[in-house]
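Worksheet: the structure to be examined is printed underneath.
No experiment lies behind these values; they were computed from the predicted model shown. First the proteins, then the strands, lettered A, B, ... as listed; each starts at 1.
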Amino acid sequence: MTFGKGCHLHLIDGSAFIFRAYHALPPLTRKSDGLPIGAVAGFCNMLHRYVEGNTGPDAPTHVAVIFDKGSHTFRNDMYDLYKANREAMPEDLRPQMPLTRRATEAFNIACKELEGYEADDMIATLSVQAREAGGRVTIISSDKDLMQLVGGGVEMLDAMKNRRIDRDGVHEKFGVYPERVVDVQALAGDSVDNVPGAPGIGIKTAALLINEYGTLEELLNRAGEIKQPKRRETLIEHRAQIELSKRLVQLDCETPLDFGLDDLEVKDPDPDTLLSFLAEMEFRTLSKRIADQLGAEAPEIVEPDAPSAPAGTPEAPDFGEATYEKVSTAEELERWIALARARGYVAVDTETTGLDEMRADLVGVSLCVEAGHACYIPLAHKEGEEGQLFGSDELTEGQIGLEQCLSLIKPLLEDPSVMKIGQNMKYDAKMLKRYGIDIAPIDDTMLMSYALHAGEHNHGMDALSERYLGHNPIPIKSLLGGGKSAITFDRVGIDDAVKYASEDADITLRLWQIFKPQLHAQKVTSVYERLERPLVPVLAQMEMHGIKVDRDTLSRMSNAFAQKMAGLEAEIHELAGRSFNVGSPKQLGEILFDEMGIEGGKKGKTGAYATGADILEELATEHELPARVLDWRQLSKLKSTYTDALQDHINPETGRVHTSYLQTGATTGRLASSDPNLQNIPIRSEEGRRIREAFVAEEGKTLIALDYSQIELRILAHIAGIDTLKQAFKDGHDIHAMTASEIFDVPLEDMTPDIRRRAKAINFGVIYGISGFGLARNLRIPRGEAQGFIDRYFERFPGIRAYMDETTEFAKSHGYVETLFGRKIHTPEIAAKGPRAGFAKRAAINAPIQGTAADIIRRAMIRMPEAIAGLPAKMLLQVHDELLFEVENEAVEQTIAVAREIMESAAEPAVKIDVKLIVDAGQGANWAEAH
DNA sequence: CCTGTCACG
DNA sequence: GACGTACGTGACAGGG
């Protein structure tokens, strides 16, 4: 195609791309040989993103990436100090420069440079040629030196901010239009390029003067007329320097090019060339992404867990060759502490007698400062051979005393200039806190893995070690045994303990070295630093506070449940005609469908009849027995899971229940609670709700519950941009009634509870990635009817359908979805075939909504301790959209006000949500009252 | 150890 | 055209 009218030339400032890529990424190296590769990686990513974005009316017909060549140009001949203050190119960038040229060629984009000229001059020349040929030009750069070229079909595009700069944009920046930009620059000078200009005159003054006198020449000729004496003298005195400056900033539009515009025509990349280049660079993610898009097979790249060393640590020894030391004297410990201080970071792991940090005792500490070089400090190992009934309580010889070790190590662990690295640091932090150590600052490999790989795999150390280091750690079972005969870590022989504990610290350090640069490369640094890491001390505090649970209340309820269950059991046996285990679904199924001859029994994959609540409920309309079983099951659940089990979780020392929050448990960013799970305490049934009466405030204190009202629907309204929903929230309307009114054409004043209930189910369904089947089951209506509701819903809210389609498309092309705060949730199953694809699709639709809500409450929690620091209040529990506090009676109102404000504004300033977040508050002597 | 069931948001 | 489906969790009991 001959370049002419209707053509659109894109000129990419290659150097700008490279430097941006270089500074935006950590110093990545190629795994196989340690070649610095970060800038090339960033460059390729930018190029790829650029190519991807080339759709629509602004798509180019011609394109070139223009590079600088050499450092000596004609400007140095004019002025030997030109760009003389530039720092030398970083050592690790230099070898990457030729690779960026190869990258450009691999993408099949014209790659041009010219000895003795700057890229800017070539860009100027090409722009002028294109403009004269009647075409459009977009210069992809934010370099202000290029602004003089704008106009007459030439625009600039700041790729980073995705902002187009036209003549008005230039005027905004320089106070003059493009044709006078060089005049302003000549006066103002440029410290970056070492263009002198006129001393004391900046862009503002320069623009003022140029606008007054028209041109630089006119200004210099009539400089004597200037009223301000200082300016007048400067201009007269430095006239030569100003004129030189103008020649320096003036771009050369007549560089001798050995190619023409027609040579720059846009071409599709050749998959083989591009993919083999990416493979050579060992860019795994990008290769895969591009291969998927081109419909080609991604070439194989050596796995990171292959024999080669992890990035940045080419000298890391194999685990087999690692040296693990036992530290048995204060001198040895001091030497390790010095090593850690010298490094500025140290991996730390604590060994204890159990998994409950509130009750376990510290047994030892391991440290690692360098891959393959770690130590273990045994502190409380006891004598006692295997098989011996009672171990002696004598401490094994050769251990530093606990007190001495703590006093030596405390300054290191609390030193703000030494980073402490751990796997699941919350555990170690809580443990150490009980020994008077506030460990900080911390990095956590488990949380890094979560920020990077949520949805891909779990984040336990064993899994991470195998996956990223290709090494299976020593199983703890091999030291402790299993089952009843399991021993605690203090009974493990010190030599074994040294191997195990040192290895854990070693693995942690190696994982850290791998994950740290990845955070940056994957753009999840801020997720990790703002949403994950700062939550650790907050959760640790909450868990250590615990919540007071009244044993007597639970015990009384247990007895009452037991009595009722016994009555029901007798009734059930009577109805069945024989006694059987009501708690056995298998036996129940046989009774119902074989012995009693009820029709419609369905067997699951195990061959047993299904007896779920939904099935029993259907049967209950006709039969008495299933109805009784349902009652029995409810009581059984409440008793075994709550009234009985909770009592066992009351810590004898504190009289409180201390849950443990798992920060990486849910893929979406939600927390999970365990041991016990305090996020599923009953509330929906009246009988179950009473269990909350056992969760009480201390004497003289009150429990406060604050929960976000409809947070997920509000987020949906924002993300999908549904104006009707936004307005309804703004007006404080009943959102389910409003939805019902919209889709069922019922005026609000005629709303019935049943119609509203249906709309509510649809609203929730939407959040979950609605299906006709799911809604039908939930509402117990025919599938066709449910589908009709959904169809009307989408008709009424087309934006929701669009959101769903866009989200699934995004998941398919990227392999992940994102929350408003940049949390990535990977969706590897999205490409699956069959029913798994359906699961993955709905999960992908739900994840940004649920995840954004999770991010918001996390932000509130992170800010909360400081906000309530002056109040006699403690944050105790989080239940996804609710926070529970315990506060002195007299400060209840104040605490509600403060906490509510933090929660309602938690998204800000990072994200502005179109719908206001509303927090409801309740208070009382127990959780039932407070909610 | 896995499955079914059921408690929560 | 059939198939199987609401999203995210954890604990408990039964049964192999």
**OP:** Take the protein atom CZ of A/Phe561 and the nucleotide atom C1' of B/dA7, then report the distance between them rounded to whole Å.
**Re:** 13 Å
Original post:
Base, sugar-phosphate, or nothing: which does A/Ala761 touch, judged by heavy atoms less than 4.0 Å apart?
Top reply: base
**OP:** With rounding to the nearest 0.5 Å, note down the distance linking CD in A/Glu532 to CZ in A/Arg823.
**Re:** 4.5 Å
**OP:** Give A/Ser636 one of three labels, base, sugar-phosphate or nothing, depending on what nucleic acid heavy atoms sit under 4.0 Å from its own.
**Re:** nothing
Subject >> Sugar-phosphate only, base, or nothing, as touched by A/Ala645 at under 4.0 Å among non-hydrogen atoms >> reply: sugar-phosphate
Original post:
Would you find more than 12 non-hydrogen atoms of other residues, nucleotides or ligands less than 6.0 Å from A/Arg792 atom CZ?
Top reply: yes
Original post:
If only side-chain N and O atoms of A/Arg684 are considered, is one of them under 4.0 Å from the OP1 or OP2 phosphate oxygen of B/dG9?
Top reply: yes
**OP:** Starting from the C-alpha separation in whole Å, work towards a yes-or-no answer on salt bridge (charged side-chain N to carboxylate O under 4.0 Å, His left out) for A/Arg556 and A/Glu693.
**Re:** CA-CA 12 Å; A/Arg556 273 199 303 275; A/Glu693 292 172 10; over 6 Å; no
Subject >> Separation of B/dA7 P from A/His880 NE2 (nearest whole Å) >> reply: 16 Å
Original post:
NA contact type, A/Asn680, heavy-atom cut-off 4.0 Å: base, sugar-phosphate, or nothing?
Top reply: base
Original post:
How are the rings of A/Phe810 and A/Tyr816 set relative to one another: parallel (under 30°), tilted (30 to 60°) or perpendicular (over 60°)?
Top reply: perpendicular
Original post:
CD of A/Gln634 versus P of B/dT5: gap in Å, rounded?
Top reply: 17 Å
**OP:** Would you classify A/Ile683 as touching base, sugar-phosphate or nothing, given that sugar-phosphate means primed atoms plus P, OP1 and OP2, and contacts are heavy atoms under 4.0 Å?
**Re:** sugar-phosphate
Subject >> Proximity of A/Phe797 and A/Tyr793 rings by center, below 6.0 Å >> reply: yes
Original post:
Using a cut-off of 4.0 Å on non-hydrogen atoms, how would the nucleic acid contact of A/Phe764 be classed: base, sugar-phosphate, or nothing?
Top reply: nothing
Original post:
Just checking A/Ser771: base, sugar-phosphate only, or nothing, at a heavy-atom cut-off of under 4.0 Å?
Top reply: base
Original post:
In whole angstrom, what separates A/Glu617's CD from B/dT5's C1'?
Top reply: 13 Å
Original post:
NA contact type, A/Gly769, heavy-atom cut-off 4.0 Å: base, sugar-phosphate, or nothing?
Top reply: nothing
**OP:** Using a 4.0 Å heavy-atom cut-off across all strands, classify A/Arg689 as base, sugar-phosphate, or nothing.
**Re:** nothing
Original post:
What is the 5' to 3' range of DNA chain C, first to last nucleotide, that sits under 4.0 Å from any heavy atom of chain A?
Top reply: C/dG4 to C/dG16
**OP:** Remember a base hit wins even if backbone is also touched, and classify A/Asn778 as base, sugar-phosphate or nothing at under 4.0 Å, heavy atoms.
**Re:** base
Original post:
Taking the P atom of each, how far is C/dA6 from B/dT5, in whole Å?
Top reply: 14 Å
**OP:** Mind checking A/Ile770 for me? I need base, sugar-phosphate or nothing, with any heavy atom below 4.0 Å counting as a touch.
**Re:** base
**OP:** Compare side-chain N and O positions of A/Thr611 against OP1 and OP2 of B/dT5 and report whether any pair is under 4.0 Å apart.
**Re:** yes
Subject >> Exceeds 12 heavy-atom contacts within 6.0 angstrom, atom CD of A/Glu595 >> reply: yes
Subject >> Sugar-phosphate only, base, or nothing, as touched by A/Ala610 at under 4.0 Å among non-hydrogen atoms >> reply: sugar-phosphate
Subject >> Atom-pair distance (CG on A/Leu883; P on B/dG9), nearest Å >> reply: 14 Å
Original post:
Considering only the P atoms, how many Å lie between B/dG4 and C/dG4, rounded to the nearest integer?
Top reply: 15 Å
Original post:
Once you round it to whole Å, what is the distance between P of B/dG9 and CG of A/Leu713?
Top reply: 15 Å
Subject >> Euclidean distance, atom OH of residue A/Tyr609 to atom C1' of B/dG4 [Å, nearest integer] >> reply: 17 Å
**OP:** Calculate the interatomic distance between A/Glu712 atom CD and B/dC8 atom P; express it in whole Å.
**Re:** 17 Å
**OP:** Under 4.0 Å between any heavy atoms, over every strand shown, what does A/Glu882 touch: base, sugar-phosphate, or nothing? Just pick one.
**Re:** nothing
**OP:** Working to the nearest 0.5 Å, report the span between CD of A/Glu543 and OG of A/Ser660.
**Re:** 4.5 Å
Original post:
So which nucleotide does C/dA2 pair with, by the Watson-Crick or G-U wobble rule with both distances under 3.5 Å?
Top reply: none
Subject >> A/Leu779 CG to A/Ile762 CD1 distance, which is reported to the nearest 0.5 Å >> reply: 7.0 Å
**OP:** For A/Gly765, report the nucleic acid contact type (base, sugar-phosphate, nothing); a contact means any heavy atom under 4.0 Å.
**Re:** base
Subject >> A/Arg842 to A/Phe839, cation-pi by 6.0 Å centre distance and 45° axis angle >> reply: yes
